[in-house]
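Indexing begins at 1, ligand by ligand and atom by atom, following the structure's order.
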Amino acid sequence: MAGDSAIGIHDLSFATTEFVLTHTELARHNGTDIGKYHQGIGQRSMSVPATDEDIVTMGAAAAAPLIARHGGDGIRTIIFATESSIDQAKSAGVYVHSLLGLASATRVVELKQACYGATAALQFAIGLVRRDPAQRVLVVAADIAKYEPDSPGEATQGAAAVAMLIGADPALLRIEEPSGVFTADVMDFWRPNYREAALVDGQESIGAYLLAVEGSWKDYTEHGGRAPDEFAAFCYHQPFTKMAYKAHRHLLNYCGYDIDEDRVARDLGLTTAYNNVIGNSYTASLYLALAALLDQAEDLTGRAIGFLSYGSGSVAEFFAGSVVPGYREHLRTTAHRAAIDRRRPVDHARYRELHGHSFPTDGGDHRTAAETTGPFRLAALRGHKRVYESR
Ligand code: CAA
């Protein structure tokens with residue numbers, strides 16, 4: 001039986017973009033049978049950032065409600081996880097720290113390993129809190145998933161940020177020991193520094209993900225983890241929601257179970273509600289699955305949830321959390337639904353304009369149009385410096 005730890009997720013909030021492109025609109029443009037998107041990959045729409053939104057504005061918008069509820073006291077570390085970094089040197093977390101008005105006595109750092117980064121941040125945060133239980137760590141996971149137009153990956157874009165407050169005696173979820181970890185050097189998905197859009201070998205990436213499920217689960221069980229039947233639900237990284245189903249069937253098969261589709265639906269059904277309308281949000285995706293589960297499930301008090309975090313390249317981790325009594329009083333279900341519902345639909349032509357937007361690299365004063373109605377905006381790139389504004 002896995003051991004409990006009294007450190008975990010105290011609060012969780014997410015933000016997404018100003019705009020949304022439906023898969024119906026994408027299919028209308030490229031002639032794809034809509035069944036491929038709705039049933040085949042399990043996606044209905046994807047979040048599209050305005051020109052004045054990026055990982056910083058989304059990250060700050062996700063984190064602001066945590067600071068409003070708990071204050072900034074006790075936060076001595078911010079870990080910003082992303083694979084859509086805006087600077088090779090400066091952490092996006094420093095901008096978020098400034099926008100949120102947090103104390104100067106804070107360490108801030110950015111972490112990267114594809115979609116796995118937020119889980120590394122969570123585990124590192126737990127280590128810091130174990131050393132000093134009075135501290136809280138703000139973990140921000142924010143990404144914009146961008147592929148070439150008209151490529152197979154195009155339908156699996158999206159964007160969002162999740163912010164989590166990690167601390168002792170958490171109100172939502174205790175993260176347990178052990179973790180199962182796995183690394184393999186594969187080129188399934190990557191983005192060289194000179195490219196805006198990721199490169200991907202789609203089928204290879206699915207195979208690499210499944211191999212990582214096996215590897216991390218094997219390590220998890222070898223370190224004394226729970227048995228599959230002990231979990232009330234499983235949250236998977238969801239590049240597209242059908243991937244969670246592929247992964248879970250693979251796990252059950254690997255564990256020697258016959259595949260029972262009712263069981264698969266029970267284990268995963270509530271975890272896909274946010275990802276299937278937001279799209280891939282890379283490192284935030286796993287924690288959007290958790291938000292969807294907690295926001296919708298009847299009552300998970302005391303139940304175990306399994307997590308499979310996968311980051312291409314590749315690194316994976318399987319770990320468990322147990323749901324804290326009273327957690328439902330701390331959920332942000334209404335705000336989460338509002339973050340999704342407030343998005344304004346764009347047509348295909350506007351989406352392509354937004355997809356193609358980038359700043360000139362001449363060091364001039366380049367202002368952005370005021371498009372986002374969110375609490376923070378990227379107002380300009382001036383002298384190669386990003387200029388943010390709060391509302
Ligand atoms: N009605 C219903 N279903 C249909 C259909 C129709 N009319 N037409 C096709 N389908 C089904 C197919 O049968 C297939 O289902 P299965 O996977 O169950 O066989 C599904 O729709 C997708 O069809 P294809 O495999 O033909 O789709 P594709 O070749 O265009 O690409 C993809 C799909 C590989 C996922 C592509 O979107 C892609 O490259 N995405 C980016 C990479 C990615 O997300 N990889 C996931 C693992 S890597 C990872 O997790 C990290 C990360 O975040 C990137």
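The shortest side-chain heavy-atom distance between Leu26 and Met46 falls under the 4.5 Å cut-off. Within the 4.5 Å cutoff, the side chain of Glu389 has no heavy atoms near those of the Phe376 side chain.
With hydrogens and angles left out, the side-chain atoms of Thr373 and Glu18 include a donor and acceptor closer than 3.5 Å. For the 3.5 Å distance criterion, the side chains of Glu317 and Thr119 fail to qualify, holding no donor opposite an acceptor.
Within 4.0 Å of atom 13 (O) of ligand 1, not a single protein heavy atom is present. Within the 4.0 Å cut-off (strictly below), a protein heavy atom is located near atom 4 (C) of ligand 1.
Contact annotation: for His237 versus ligand 1, heavy atoms closer than 4.0 Å belong to the side chain alone. Proximity of Pro152 to ligand 1, defined as any heavy-atom pair under 4.0 Å, is shared by backbone and side chain alike.
Taking the charged nitrogens against the carboxylate oxygens, Glu214 and Lys218 have no contact shorter than 4.0 Å, which rules out a salt bridge.
Here is the list of ligand 1 atoms found below 4.0 Å of a heavy atom in Tyr209: 50 (O).
For atom 29 (O) of ligand 1, the nearest non-hydrogen atom of the protein is Gln203 NE2, 3.7 Å. Closest protein heavy atom to atom 8 (N) of ligand 1: Lys36 CB, 3.4 Å.
Ile79 pairs in a side-chain contact (heavy atoms from CB on, under 4.5 Å) with only one of the listed residues (Val137, Ile166, Val108, Leu122), which is Val137.
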